[in-house]
Amino acid sequence: AAVVQHALELLDPAERPDIVPAIDQLAAHAEPRIRAAALAVSQRPGALQAALLDPEPYVRATAAVVLGESATTTLDALAGGSQEERRALAYAIGWLNARALVPRLDAMLIGADALTAREIAHAIERHPDPRHIVGLIAFLGDRDCRTDVRRALAAIGEPALRALVMAWADPTTPMDVRRHIPRTIQHFEPKAAMAALVDALDREDDGVTLYKILRAPPAPGAPEGRH
């Protein structure tokens, strides 16, 4: 499905009218993501409106994202729906580069499971926005989405680094989040990251966190692992 989707992304029916019949066939494909990709490429208004009622969340989400705020009812339903529906919406916002819908992602993090948080983090990584920082930091305690959350925070940049330093210094920050802040900080600009880590050595009294500070800067090219 991913290969077909990528191929469809490279096609423009306006420039290649000969591919329209093939796209129409793919729009009826059994695989929802292929169906959704064909729908996004064709962008036929009638098909998009009909797809808002499709039983598959990825197809509904694609149609709603392409239509934008004119499909507010469907967008709201997906954003506040099941984990699968939220994942589908986050996925569509990310791969369709729907920057205008990125603000919706913050509320979608509330109550998200790890798979949903990962999909939302992917979309935020593609469209960094400081409004998502607090919501992302809360997921550093979940190993199943931690790597994706770190990448999203790093994509946001300096505002996220400041927030991480503040969360680290805040005694109310849950320990399962605090202990993963050192390895998160090492994803940022090296000089600023090192300054934050060195500063923390003077005030950190948790042994596990101290250990993570001392081993935070990995060797160049080393894999991150699941620390």
Side-chain angles (χ1 to χ4, degrees), residues 1-2 5 32-33 36-37 56-62 64-65 74-168 170 172-188 193 208-209 212 216 218 223-227:
Q5 178 181 317
R33 295 202 191 197
E56 292 292 342
Y58 282 93
V59 178
R60 291 203 307 279
T62 296
V65 168
T74 302
L75 289 169
D76 289 344
L78 289 165
S82 68
Q83 296 292 336
E84 184 182 11
E85 288 172 325
R86 283 193 272 176
R87 281 196 293 274
L89 181 56
Y91 177 82
I93 289 173
W95 84 272
L96 291 171
N97 295 313
R99 186 171 294 277
L101 298 179
V102 168
R104 288 178 173 268
L105 296 172
D106 196 41
M108 289 164 59
L109 278 169
I110 300 172
D113 63 18
L115 288 175
T116 302
R118 287 178 62 184
E119 202 65 72
I120 293 172
H122 292 165
I124 294 172
E125 183 181 2
R126 296 188 70 167
H127 305 289
D129 189 323
R131 80 183 70 207
H132 305 304
I133 292 171
V134 174
L136 288 169
I137 289 175
F139 279 91
L140 288 177
D142 192 327
R143 65 183 301 173
D144 292 326
C145 60
R146 188 179 301 136
T147 296
D148 308 276
V149 166
R150 283 172 169 164
R151 289 174 180 163
L153 287 167
I156 294 171
E158 198 269 339
L161 178 58
R162 287 201 312 268
L164 284 165
V165 171
M166 291 175 63
W168 194 353
D170 185 349
T172 66
T173 299
M175 188 59 72
D176 66 338
V177 171
R178 289 186 77 251
R179 286 177 171 172
H180 296 288
I181 290 177
R183 289 285 292 179
T184 303
I185 285 176
Q186 69 92 12
H187 285 256
F188 291 79
V208 174
T209 306
K212 289 179 177 290
E224 177 187 340
R226 302 182 72 144
H227 306 291

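These numbers come from a predicted model, not from an experiment. Quick note: numbers below take in every heavy atom, side chains included, and nothing from hydrogens, waters or symmetry partners.
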Participant: Drop me the distance from T184's OG1 to R146's CZ, to the nearest 0.5 angstrom.
Facilitator: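 Output value for this atom pair is 8.0 Å.
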
Participant: Could you please spell out the steps behind the side chain to side chain contact (heavy atoms under 4.5 Å, CB included) verdict for V102 and I124?
Facilitator: CA-CA 7 Å; V102 168; I124 294 172; 5.5 Å; no

Participant: Between R104 and D76, does any side-chain N to carboxylate O distance fall below 4.0 Å?
Facilitator: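 Yes, this pair counts.
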
Participant: Measure the spacing between CZ of R86 and CG of L105 and express it to the nearest 0.5 Å.
Facilitator: 11.5 Å

Participant: Could you pull out the closest heavy-atom pair between L78 and A61, with the gap in Å?
Facilitator: CD1-CA, 3.5 Å

Participant: Locate the shortest heavy-atom distance separating V177 from I137; write the atom from each residue and the value.
Facilitator: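 Scanning both residues completely, I find the closest heavy atoms to be CG1-O, 3.5 Å.
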
Participant: Once rounded to the nearest 0.5 Å, what's the spacing between atom CG of D113 and atom CZ of R118?
Facilitator: 10.5 Å

Participant: Between atom CG of L75 and atom CD1 of I93, what is the distance when rounded to the nearest 0.5 Å?
Facilitator: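 So the CG of L75 and the CD1 of I93 are separated by 7.5 Å.
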
Participant: Closest heavy-atom contact between P103 and R131?
Facilitator: CB-NH1, 3.4 Å

Participant: Of all the heavy-atom pairs spanning T74 and A64, show the shortest one and how long it is.
Facilitator: CG2-CB, 3.9 Å

Participant: Do the non-hydrogen side-chain atoms of R178 and W168 ever get within less than 4.5 Å of each other?
Facilitator: yes

Participant: Identify the heavy atoms of E84 and P57 that sit nearest to each other, and give their distance.
Facilitator: CD-CG, 3.9 Å

Participant: List the steps and the verdict of side chain to side chain contact (heavy atoms under 4.5 Å, CB included) for R143 and H180.
Facilitator: CA-CA 10 Å; R143 65 183 301 173; H180 296 288; over 6 Å; no

Participant: With rounding to the nearest 0.5 angstrom, report the NE2 to CG distance, H132 to L153.
Facilitator: 11.0 Å

Participant: Suppose we screen for side chain to side chain donor-acceptor pair (under 3.5 Å). Which residues come up paired with E56, at least two apart in sequence or across chains?
Facilitator: none

Participant: Sequence neighbours excluded, which residues qualify as ring pair (Phe, Tyr, Trp, His ring centres under 6.0 Å) partners of Y58?
Facilitator: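 Only Y91 meet the ring pair (Phe, Tyr, Trp, His ring centres under 6.0 Å) criterion with Y58.
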
Participant: After noting the C-alpha distance and the side-chain angles of R150 and L140, does the key distance pass the side chain to side chain contact (heavy atoms under 4.5 Å, CB included) rule?
Facilitator: CA-CA 8 Å; R150 283 172 169 164; L140 288 177; 4.0 Å; yes

Participant: Calculate, to the nearest 0.5 Å, the distance between atoms NE2 and CD1 belonging to H127 and I156 respectively.
Facilitator: 12.5 Å

Participant: Specify the closest pair of heavy atoms between A167 and T173, including all atoms of both residues, with the distance to one decimal.
Facilitator: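 Heavy-atom minimum between the residues: O-OG1, 2.6 Å.
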
Participant: For the pair R87 and L115, evaluate side chain to side chain contact (heavy atoms under 4.5 Å, CB included) and give the outcome as yes or no after the intermediate values.
Facilitator: CA-CA 8 Å; R87 281 196 293 274; L115 288 175; 3.7 Å; yes

Participant: Should R126 and W95 count as side-chain neighbours, where that means a heavy-atom distance under 4.5 Å?
Facilitator: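 R126 reaches W95 side chain to side chain.
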
